[in-house]
*Asks:* 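Below is a structure I'd like to ask you about.
Note that the structure is predicted; figures quoted are calculated from it, not measured. In each ligand, atom 1 is the first atom listed, and ligand 1 is the first ligand listed.
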Amino acid sequence: MPAIDLSLTLPEGHPRALQLHNPVMIASGTFGADGYGDGLPPTANFQGLGAVVAKTTTLLPRAGNPQPRMAQGWGWMLNSIGLANPGIDAVLRDKAPQWATWRVPVVLSIAGERASDFAQLASMIEGVPGVAAIEVNVSCPNIEGGLEFAQSRDLAAEVTARVKERTTLPVIVKLSPNVTDIVAVARAVEDAGADALTLVNTLIGMTIDQDTARPVLGAKRGGVSGPALKPVALAAVFRVYEAVRVPIIGVGGVTTGEDALEFLMAGATAVQVGTANFADPQASWQVLRDLTGLLRRRRVAALCECVGIAHDSPAKTRPAPATIPATLR
Ligand SMILES: Cc1cc2nc3c(=O)[nH]c(=O)nc-3n(C[C@H](O)[C@H](O)[C@H](O)COP(=O)(O)O)c2cc1C
């Protein structure tokens, strides 16, 4: 049986593009107990994956939201971690040196309370060995306006442009499904210079304890992830694929190789596995093995053969680079 070429360059043409051995990554916040790989068993095999996205890191340490922060039900998980993290200084000092010795590229996710925080974080990361790319998490409130960055085309674009100014690394912007028109946000972020998009972050949700008649989560609301999120994420990837030219990384409920293949068919170049890692630390590796088997059975020789094939006209539906001013869309 001929070998399948699962490797990819993300994005093509970028001077410091990510060189991935395969298209399966670990999603931000789901890499070990702390999101930075803590407590993973040696069997987790994460070094054989395409990439690992570390926990979203902020300028200052954050304690996160009140407990309880996790709940689960049939096909879904809710979390209200609230971006708890030790802050950028500690991450660059204590984690990045180790990442520099790994075979797997590590993408560092960043978030801030104002656009200037994102710019400062990007400057601090520049030149640090061990960080292969930046994932910009815009699903956090902008304290200067209240709205989440991800919910405004202009704010999301501003953050993207500010990060791009300060880094030579690939900049991947992770969008939120909690918007009316994710396509408009994706276009604005692409126009602002994003090198790739990750779709999607968690969907707002809640659950109530019927005995106490109170919301289960300390923060009352949280983010829905897991299989229940998959159809939402898939539709986002499908729609955005027809509107932008930059590569898309699909995330939301990927638990099996079949899930990953659906994302590729919708137009994702790579996928991330999140919640499934909590049930089984080898889940991402298993997704990769299943996906490889599926592609082999379909006699696929290279990954790019399946990207976007769910579209009526996979290549033609993608428009020429946008020339329409963002304000007219
Ligand atoms: C416990 C938990 C923590 C998360 N933390 C982050 C985070 O720090 N930054 C981020 O961008 N996404 C975070 N996410 C969202 C995931 O990266 C992913 O987008 C989402 O869970 C959907 O994928 P899944 O259904 O495979 O989990 C977190 C998700 C979970 C479940």
Side-chain angles (χ1 to χ4, degrees), residues 24-39 49 51-58 61-65 67-73 75-88 91 95 107-112 118 121 133-141 148-150 156 159 172-178 182 197-205 217-219 222-234 236-237 248-256 259-260 262-263 268 270-281 283-284 286-287:
V24 179
M25 310 179 174
I26 292 188
S28 182
T30 68
F31 180 46
D34 62 351
Y36 300 97
D38 188 43
L49 296 172
V52 165
V53 187
K55 173 84 191 157
T56 297
T57 303
T58 49
R62 280 174 63 106
N65 283 323
Q67 300 281 358
R69 297 170 174 183
M70 305 263 238
Q72 60 180 325
W76 55 263
M77 182 174 158
L78 263 176
N79 89 83
S80 58
I81 306 288
L83 298 186
N85 76 92
I88 191 70
V91 169
K95 311 283 182 192
V107 177
L108 184 53
S109 169
I110 58 169
F118 287 86
L121 284 158
I134 295 176
E135 188 174 82
V136 181
N137 177 4
V138 281
S139 298
C140 46
E148 276 188 14
F149 293 96
V159 165
I172 306 164
V173 181
K174 182 171 181 180
L175 301 187
S176 167
N178 301 308
I182 197 167
L197 303 175
T198 299
L199 307 176
V200 291
N201 214 314
T202 54
L203 198 56
I204 294 170
L217 295 176
V224 178
S225 63
L229 182 60
K230 193 184 102 180
V232 176
L234 209 52
V237 170
I248 298 167
I249 303 165
V251 52
V254 177
T255 312
T256 64
D259 295 332
E262 274 189 72
F263 273 97
V271 297
Q272 293 178 359
V273 180
T275 300
N277 294 310
F278 293 117
D280 174 6
S284 303
Q286 197 57 50
V287 166

*Asks:* Tell me: protein heavy atom nearest atom 8 (O) of ligand 1, and distance?
*Replies:*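 Of the protein heavy atoms, Lys55 NZ, 2.9 Å lies nearest.
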*Asks:* Given side chains that start at C-beta, do those of Leu229 and Val232 come closer than 4.5 Å, heavy atoms only?
*Replies:*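 SC-SC contact between Leu229 and Val232 confirmed.
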*Asks:* Considering the options Asn79, Thr275, Asn201, which one meets the side chain to side chain donor-acceptor pair (under 3.5 Å) requirement together with Ser225?
*Replies:* Thr275
*Asks:* Determine, considering heavy atoms only, which of Glu135, Met70, Lys174, Gln72 sits nearest to atom 19 (O) of ligand 1.
*Replies:*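 Looking at heavy atoms only, Lys174 sits closest to atom 19 (O) of ligand 1.
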*Asks:* Using a 4.5 Å cut-off on heavy atoms from C-beta on, say whether the side chain of Thr202 contacts that of Val224.
*Replies:*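 Result no, sub-4.5 Å side-chain heavy-atom pair not found.
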*Asks:* Does Met77 reach ligand 1 with a nitrogen or oxygen that is under 3.5 Å from one of the ligand's nitrogen or oxygen atoms?
*Replies:* no
*Asks:* Provide the number and element of each atom of ligand 1 under 4.0 Å from a heavy atom of Ala27.
*Replies:*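 Counting from 1, the qualifying ligand atoms are 17 (O).
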*Asks:* Got Ser176 and Val138 here, is their nearest side-chain heavy-atom distance under 4.5 Å?
*Replies:* no
*Asks:* List every atom of ligand 1 that sits less than 4.0 Å from any heavy atom of Leu83, numbering the atoms from 1 in the order shown and giving each element.
*Replies:*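 Contacts of ligand 1 toward Leu83, numbered from 1: 8 (O).
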*Asks:* Touching ligand 1 at all, Gly253? Heavy atoms, strictly under 4.0 Å?
*Replies:*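 Gly253: in contact with ligand 1 (<4.0 Å).
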*Asks:* Which residues pass the side-chain hydrogen bond (donor to acceptor under 3.5 Å, both in side chains) test with Glu148, not counting sequence neighbours?
*Replies:* none
*Asks:* Considering only heavy atoms of Gly252, which atoms of ligand 1 have at least one such atom less than 4.0 Å away?
*Replies:* 22 (C), 23 (O), 25 (O)
*Asks:* Could you state the interatomic distance from CD1 (Ile172) to CD1 (Ile249), rounded to the nearest 0.5 Å?
*Replies:* 4.0 Å
*Asks:* Among all protein heavy atoms in this structure, tell me which lies nearest to atom 30 (C) of ligand 1, with the distance rounded to 0.1 Å.
*Replies:*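 Of the protein heavy atoms, Asn79 ND2, 3.3 Å lies nearest.
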*Asks:* When you measure from atom 15 (C) of ligand 1 to every protein heavy atom, which one gives the shortest distance, and what is it?
*Replies:* Asn201 OD1, 3.5 Å
*Asks:* Does an N or O from Thr56, backbone or side chain, lie closer than 3.5 Å to an N or O of ligand 1?
*Replies:*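 Thr56 vs ligand 1: N/O contact under 3.5 Å present.
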*Asks:* Do Asn85 and Thr56 have side-chain atoms, one donor and one acceptor, less than 3.5 Å apart?
*Replies:* no
*Asks:* I need the single residue from Val52, Ile26, Val254, Val271 that forms a side-chain contact (heavy atoms from CB on, under 4.5 Å) with Ser284. Which is it?
*Replies:* Ile26
*Asks:* Measure Thr275 to ligand 1 on non-hydrogen atoms and call it side chain, backbone, both or neither using the 4.0 Å cut-off.
*Replies:*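 Answer for Thr275: both.
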*Asks:* Can you check which of Gly29, Ser28, Ala233 brings a heavy atom nearest to atom 13 (C) of ligand 1?
*Replies:*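 Considering heavy atoms of Gly29, Ser28, Ala233, the nearest to atom 13 (C) of ligand 1 sits in Ser28.
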*Asks:* With respect to Val200, determine whether any N or O atom, backbone or side chain, lies less than 3.5 Å from an N or O atom of ligand 1.
*Replies:* yes
*Asks:* Should we say atom CD of Gln286 is surrounded by more than 12 heavy atoms from elsewhere, each under 6.0 Å from it?
*Replies:* yes
*Asks:* What protein heavy atom sits nearest atom 20 (C) of ligand 1, and how far away is it?
*Replies:*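 Going by distance alone, atom 20 (C) of ligand 1 is nearest to Thr202 CG2, 3.8 Å.
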*Asks:* Would you mind reporting whether Thr30 and Phe278 have side-chain heavy atoms less than 4.5 Å apart?
*Replies:* yes
*Asks:* Where on Leu229 is there a heavy atom closer than 4.0 Å to ligand 1, on the side chain, on the backbone, on both, or on neither?
*Replies:* side chain
*Asks:* Before signing off on this row, confirm whether Gln272 and ligand 1 have an N or O atom pair separated by under 3.5 Å.
*Replies:* no
*Asks:* Give the residue and atom name of whichever protein heavy atom lies nearest to atom 23 (O) of ligand 1, and the separation in Å to one decimal.
*Replies:*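 The closest one turns out to be Val251 CG2, 3.3 Å.
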*Asks:* Out of Gly274, Gly226, Ser225, who is nearest to atom 21 (O) of ligand 1 when you count heavy atoms only?
*Replies:* Ser225
*Asks:* Side chains of Glu135 and Thr198: do they bring a donor and an acceptor to under 3.5 Å?
*Replies:*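 A pair is found: one side chain offers a donor N or O, the other an acceptor, under 3.5 Å apart.
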*Asks:* Using distance alone, determine whether Ser109 and ligand 1 share an N or O pair under 3.5 Å.
*Replies:* no
*Asks:* My understanding is that only residues two or more places apart in sequence, or in another chain, count here; which of them pass ring pair (Phe, Tyr, Trp, His ring centres under 6.0 Å) with Phe118?
*Replies:* Phe149
